[in-house]
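Data first, discussion second: the structure below is written as structure tokens.
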Amino acid sequence: MSTAPPRLRPRGRSREGPARPGPPAAMAAGRERAARLLRQLQRAACRCPSHSHTYSRVPEHATLGNTDYAFEMAVSNIRYGEGVTKEIGMDLKNLGAKKVCLMTDKNLSQLPPVNAVLNSLAKYGINFQMYDEVRVEPTDQSFLDAIEFAKKGEFDAYVAVGGGSVIDTCKAANLYASSPTSDFLDYVNAPIGKGKPVTVPLKPHIAVPTTAGTGSETTGVAIFDFKELKVKTGIASRAIKPTLGIIDPLHTLSMPERIVANSGFDVLCHALESYTALPYKMRSPCPSNPINRPAYQGSNPISDIWALHALRIVAKYLKRAIRNPEDREARANMHLASAFAGIGFGNAGVHLCHGMSYPISGLVKTYKPKDYNVDHSLVPHGLSVVLTSPAVFAFTAQVHPERHLEAAEILGADIRTARIKDAGFILADTLRKFLFDLNVDDGLAAIGYSKADIPALVKGTLPQERVTKLSPRPQTEEDLSALFEASMKLY
């Protein structure tokens, strides 16, 4: 005969005792059990930020100091692939666009990249108006002309087909058409403009880069030549970055040799400058509100990855892309490198090469580059940037020399026996050899400048604090003069 197992009862409690505590005691005991369980769960919980709720109870950051303590990444959506331009009509249809502004320049309006876009717009019945008056190396006036067109058109989406000049112009047109009562200088970088944060919503903007250089399809920066001061400046805000960048390597196949070269030099300097820029934790001032954190924040762990990857592609493919227009692999990789470097510098920023390049472009006299079909004097942006690079990196290498040495090695230098104190000279010599091999003009003197122009070039650099303050090494006016003088001749 089986017997039932004995019933378990709480230790220390007699069978004759009360079955359960009264209501107040029951509530207290329940709270104690819940508290004990929570403490046990807290001790056992995963501490990683993906799973832990306790992890988020870090005290709020202490009173904000003079330097920043954070960085953020902002980048456009990117789509890559041969022939991917044909999808633009579908994208606009998906967006519900009723009236589209298509921006380009006169030269491109007759070339395959624009035709590919037009075919896609027609196929999907997209209503559009084309603006093909964009100026190569835009000015404040050419921006204003495009803005006026955009305001009158009352567009609900934008498509830019071209290099950085076209994409930057489209960013400005979208911004001021979306904020029609704003004065032009409201959003222009200080100290030239007011540098106000952008708080208005912008219309969707699809950017189709046709050069492998600016990375403008990924960034919230629009650069122009401010004619009154004869200096370049711009607008910098995450809010103006394109919604989507369409990277179609077929568009680079028709690029002439010197345009490939100068675009590639821009990629080279984007990568080098963002990797060697002042670290984000050393940049000041720390913003009191995240909306005021600048687009260019200083070197940071995420931008570093993109910058180095872009630099490796430049080292491997730029010479091939310049020398052989049929080298589809090289041109496709440089198109990607442009976007990769854009992601890097669009968040880390650039420094002295770009800061000094703006007056080099703005004060141009009679120079007209080969392969550029323009009716005005012009120093292509990539050329204006790269001509000072040997002098700049010899100067900045005193700070973080290991980064300069790493860059030199990627570009082909043998650093096995190199001394860390020689990092700047090694990188400068590596850059000179790189430029000499590609038949680059022999310094600023070769594009029309002389020592007599140095005071004006320095004066034009001084307002570029948005970028020059990201140099890892601070510079005086005397330093800038010496850098311009060292850049008069390269070889």
Side-chain angles (χ1 to χ4, degrees), residues 85 103-117 132 134-138 142 160-169 207-217 223 225 232 245-271 310 313-314 317-342 353-354 357 360-361 364 367-387 389 434-435 437-441 446-447:
T85 306
M103 285 204 170
T104 190
D105 63 46
K106 284 290 187 189
N107 292 328
L108 275 166
S109 65
Q110 308 299 320
L111 294 177
V114 171
N115 286 335
V117 172
D132 62 2
V134 172
R135 188 181 194 270
V136 177
E137 301 297 336
S142 73
V161 187
S165 296
V166 173
I167 298 172
D168 286 4
T169 299
V208 187
T210 58
T211 61
T214 66
S216 186
E217 70 278 5
I223 302 298
D225 186 4
K232 280 188 183 271
I246 296 285
I247 303 176
D248 187 339
L250 294 179
H251 298 332
T252 67
L253 299 179
S254 57
M255 287 169 60
E257 176 191 313
R258 282 296 98 189
I259 293 180
V260 175
N262 291 325
S263 299
F265 298 148
D266 201 17
V267 180
L268 171 66
C269 288
H270 284 159
I313 297 175
V314 169
Y317 289 109
L318 179 55
K319 290 182 181 180
R320 284 173 49 182
I322 293 170
R323 291 168 176 165
N324 182 6
E326 303 301 319
D327 191 336
R328 294 169 74 106
E329 179 187 14
R331 292 211 167 183
N333 272 280
M334 283 304 302
H335 211 28
L336 272 177
S338 175
F340 293 162
C353 291
H354 272 75
S357 80
I360 292 171
S361 294
V364 61
Y367 183 78
K368 287 187 178 180
K370 179 186 175 185
D371 292 338
Y372 286 76
N373 184 17
V374 291
D375 59 2
H376 54 275
S377 299
L378 168 71
V379 180
H381 175 63
L383 181 62
S384 71
V385 168
V386 85
L387 289 178
S389 62
F434 194 82
L435 299 180
D437 288 347
L438 292 171
N439 301 314
V440 175
D441 300 83
I447 62 170

Taking Val267 as the fixed residue, which of Ile313, Val314, Thr211, Leu318 is the one that meets the side-chain contact (heavy atoms from CB on, under 4.5 Å) rule?
Val314
Closest approach of Leu438 and Lys319, non-hydrogen atoms and distance?
CD2-CG, 3.7 Å
Does Glu137 offer a backbone N or O that forms a donor-acceptor pair with the side chain of Ser165 under 3.5 Å?
yes
Using the side chain to side chain contact (heavy atoms under 4.5 Å, CB included) criterion, which residues pair with Ala160? Sequence neighbours excluded.
Val166, Ile167, Cys170, His205
At what distance, to the nearest 0.5 angstrom, does CE of Met103 lie from OG1 of Thr169?
7.0 Å
Heavy-atom closest contact (Ala339 atom, Ile247 atom, distance)
CB-CD1, 3.4 Å
Show the nearest heavy-atom pair for residues Asp105 and Val134, with the distance to one decimal.
CB-O, 3.5 Å
Passes side-chain contact (heavy atoms from CB on, under 4.5 Å), His251 versus Ile246? Steps please.
CA-CA 11 Å; His251 298 332; Ile246 296 285; 5.8 Å; no
Do any N or O atoms from the side chain of Arg135 and from the backbone of Ser142 form a donor-acceptor pair under 3.5 angstrom?
no
Contacts of Glu217 meeting salt bridge (charged side-chain N to carboxylate O under 4.0 Å, His left out) (sequence neighbours excluded), chain-then-number -> none
For Phe340, check ring pair (Phe, Tyr, Trp, His ring centres under 6.0 Å) against everything at least two apart and list the hits.
Trp306, His309
Identify which one of Ser389, Ser384, Ser357 satisfies the side-chain contact (heavy atoms from CB on, under 4.5 Å) criterion when paired with Cys269.
Ser389
Looking only at heavy atoms, the pair that brings Arg331 and Thr252 closest together is NH1-O, 2.8 Å
N/O donor-acceptor pair under 3.5 Å between Ser263 side chain and Val260 backbone
no
Could you walk me through whether Tyr317 and Asp327 pass side-chain contact (heavy atoms from CB on, under 4.5 Å), step by step?
CA-CA 10 Å; Tyr317 289 109; Asp327 191 336; 5.8 Å; no
Relative to each other, are the rings of His354 and His270 parallel, tilted or perpendicular (30° and 60° limits)?
parallel
Distance, nearest 0.5 Å, that separates CD1 of Ile447 from CG of Asp441:
7.0 Å
Out of Asn107, Thr104, Leu108, which one pairs with Thr210 under the side-chain contact (heavy atoms from CB on, under 4.5 Å) rule?
Leu108
Gap separating the CG atom of Leu383 from the OH atom of Tyr372, nearest 0.5 angstrom:
8.0 Å
If I take atom CG from residue Asp132 and atom NZ from residue Lys106, how far apart are they, to the nearest 0.5 angstrom?
3.5 Å
Answer with yes or no whether the side chains of His381 and Thr214 bring together a donor and an acceptor at under 3.5 Å.
no
Would a distance-only check, ignoring hydrogens and angles, find a side-chain to backbone donor-acceptor pair under 3.5 Å from Ser338 to Gly215?
yes
Backbone N or O of Arg258 within a donor-acceptor pair of the Asp371 side chain at under 3.5 Å?
yes
Evaluation steps, side-chain contact (heavy atoms from CB on, under 4.5 Å), between Val386 and Asn262
CA-CA 9 Å; Val386 85; Asn262 291 325; over 6 Å; no
For residues Tyr367 and Pro380, determine if any side-chain heavy atom of one lies less than 4.5 Å from a side-chain heavy atom of the other.
yes
Approximate separation, where rounding is to 0.5 Å, of Asn333 CG and Arg328 CZ
13.0 Å
Just by distance, do the side chain of Asp248 and the backbone of Thr85 share a donor-acceptor pair under 3.5 Å?
yes
Please tell me if the side chains of Met334 and Arg320 come closer than 4.5 Å, counting only heavy atoms from C-beta onward.
no
How long is the gap from CD1 on Ile322 to CG on Asn324, to the nearest 0.5 Å?
12.0 Å
